[in-house]
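Along the sequence shown, residues carry numbers from 1. Here the structure is a predicted model, which is why all the values come from computation and not from measurement.
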Amino acid sequence: MFLYRIYQIFIMLPILAAATILCATVTILGCALGGEKWWGFRPASMWGRLWCLLAGVKVDVHGRENIDPGTSYVFVANHQGAYDIFSIYGYLRHDFRWMMKQSLRRIPFVGFSCKVSGQVFVDNSSPSAIRRTMHAAEKQLAKGRSVVVFPEGSRTPDGRLHAFKRGAYTLAVEFGLPVVPVTIDGAYHVMPRTAWLPRPGRITLTIHKPIQAGADGHDLRPLMEASREAIASALPENER
């Protein structure tokens, strides 16, 4: 483990820092030249894979056959740790944009890259701010993309699944979109909320069957409960 930490500090982290700057740069330039569809997603997907590869994290994906590459979805996933982001970016293989915390906009360089690539910053500070958030999400969905949301709102402090918030489901019901639950298992052990560096490990992404929202599907509360049950079904008993 000591040698692994030396590797992380002197090899892995410098490479990933350089890769993050490079990814942000090419994303900004590519989107500025009118290539948001490709440059707003593909560089970040490769960046996510690199974070997993260099940390010795293996990602397995089950249930990819449950989704159609040409369909817009609201993906909802449990939030175990930082490697949720890298594993979904790298291995979901579906054109999407994040619904992310407003505070992430302030990260130098990276925040601007997220803005120009069409990521949706969630602002709950006022009713008008919420409307702006919904409008930004609508613009991405209108382009045939999907959105990914962590309905717990923040990383779990103890590895267990916590209560879900309504935002993602309100969006799905309003636009009549299918909700796709995604279970992330293993990311808490790779890098929990309190850790500064990851550990080698295995993360499993389980993509569940879409749950139809809207007038012909579930109302808000049953939709939330059904998706939470689906996510919990692929977690170990002590993490549900």
Side-chain angles (χ1 to χ4, degrees), residues 13 15-52 54-55 59 72-126 128-155 165 167-168 171-172 175 177 180 182 184 187 191 193 198 205:
L13 290 181
I15 292 174
L16 291 176
T20 300
I21 294 171
L22 178 62
C23 178
T25 301
V26 299
T27 297
I28 292 168
L29 292 176
C31 292
L33 294 172
E36 182 190 332
K37 179 174 177 58
W38 198 92
W39 293 102
F41 178 69
R42 295 300 174 187
S45 179
M46 292 184 280
W47 172 79
R49 284 175 173 261
L50 184 64
W51 273 83
C52 294
L54 292 184
V59 180
S72 294
Y73 301 105
V74 175
F75 290 96
V76 293
N78 57 314
H79 202 1
Q80 292 196 333
Y83 269 76
D84 299 342
I85 296 168
F86 309 134
S87 57
I88 288 181
Y89 245 150
Y91 297 91
L92 185 61
R93 297 181 188 172
H94 193 92
D95 187 14
F96 71 86
R97 296 297 183 267
W98 293 99
M99 293 189 70
M100 56 176 57
K101 291 182 178 179
Q102 183 75 6
S103 59
L104 298 177
R105 186 194 292 266
R106 297 192 292 269
I107 299 176
F109 207 49
V110 172
F112 184 67
S113 171
C114 291
K115 178 182 176 181
V116 300
S117 62
Q119 313 302 330
V120 180
F121 294 98
V122 178
D123 186 352
N124 295 321
S125 61
S126 68
S128 61
I130 294 173
R131 286 194 296 272
R132 287 194 298 271
T133 297
M134 296 291 282
H135 179 65
E138 180 183 4
K139 285 175 62 178
Q140 296 305 320
L141 294 168
K143 295 176 182 178
R145 297 177 181 139
S146 297
V147 295
V148 175
V149 189
F150 296 122
E152 291 170 282
S154 59
R155 291 169 290 174
K165 298 179 180 179
L171 182 69
F175 297 110
L177 293 174
V180 177
V182 179
I184 303 171
M191 191 174 177
R193 187 172 182 169
L205 301 181

Check: How are the rings of Trp98 and Tyr89 set relative to one another: parallel (under 30°), tilted (30 to 60°) or perpendicular (over 60°)?
Finding: perpendicular
Notebook entry, point to check: So does Asp95 pair up with Arg93, basic N to acidic O under 4.0 Å?
Noted result: no
Note to self: I'd like to check Val59 versus Leu205 (side-chain heavy atoms, cut-off strictly below 4.5 Å). Are they in contact?
What the structure shows: yes
Margin query: Any heavy-atom pair between the side chains of Ser154 and Lys101 that's under 4.5 Å?
Written below: yes
Check: So do the side chains of Val147 and Leu177 get within less than 4.5 Å of each other, counting heavy atoms only?
Finding: no
Checklist line | Expected output: side-chain Ser72 to main-chain Ser146 donor-acceptor under 3.5 Å | finding: no
Note to self: So Leu29 and Trp39, do their side chains get closer than 4.5 Å, heavy atoms only?
What the structure shows: no
Checklist line | Which atom of Ala187 lies closest to which atom of Gly81, heavy atoms considered | finding: CB-N, 4.5 Å
Notebook entry, point to check: Under 3.5 Å, side chain of Gln140 to main-chain N/O of Arg145, donor-acceptor pair present?
Noted result: no
Check: Side-chain contact, heavy-atom cut-off 4.5 Å: Thr133 with Met99?
Finding: yes
Notebook entry, point to check: Does the side chain of Phe150 come within less than 4.5 Å of Ile88's, by heavy atoms?
Noted result: yes
Check: Is there a donor-acceptor pair closer than 3.5 Å between any side-chain N or O of Arg193 and the backbone N or O of Arg155?
Finding: yes
Check: Is a side-chain N or O of Gln119 found less than 3.5 angstrom from the main chain of Cys114, in a donor-acceptor match?
Finding: no
Notebook entry, point to check: Side chains of Val149 and Leu171: does their closest heavy-atom pair fall under 4.5 Å?
Noted result: no
Check: If you draw the axis of the six-membered ring of Tyr91, does the NZ or CZ of Arg49 fall within 45° of it and under 6.0 Å from the ring centre?
Finding: yes
Check: Has Lys143 got more than 12 heavy atoms of other residues, nucleotides or ligands less than 6.0 Å from its NZ?
Finding: yes
Next item on the list: Please state whether the rings of Phe96 and Phe41 are parallel, tilted or perpendicular, taking 30° and 60° as the class boundaries.
Entry: perpendicular
Check: Under a 4.5 Å cut-off applied to non-hydrogen side-chain atoms, are His135 and Arg132 in contact?
Finding: no
Notebook entry, point to check: Counting N and O atoms only, with roles assigned by atom type, does the side chain of Ser113 sit under 3.5 Å from a partner on the main chain of Phe109, one being a donor and the other an acceptor?
Noted result: no
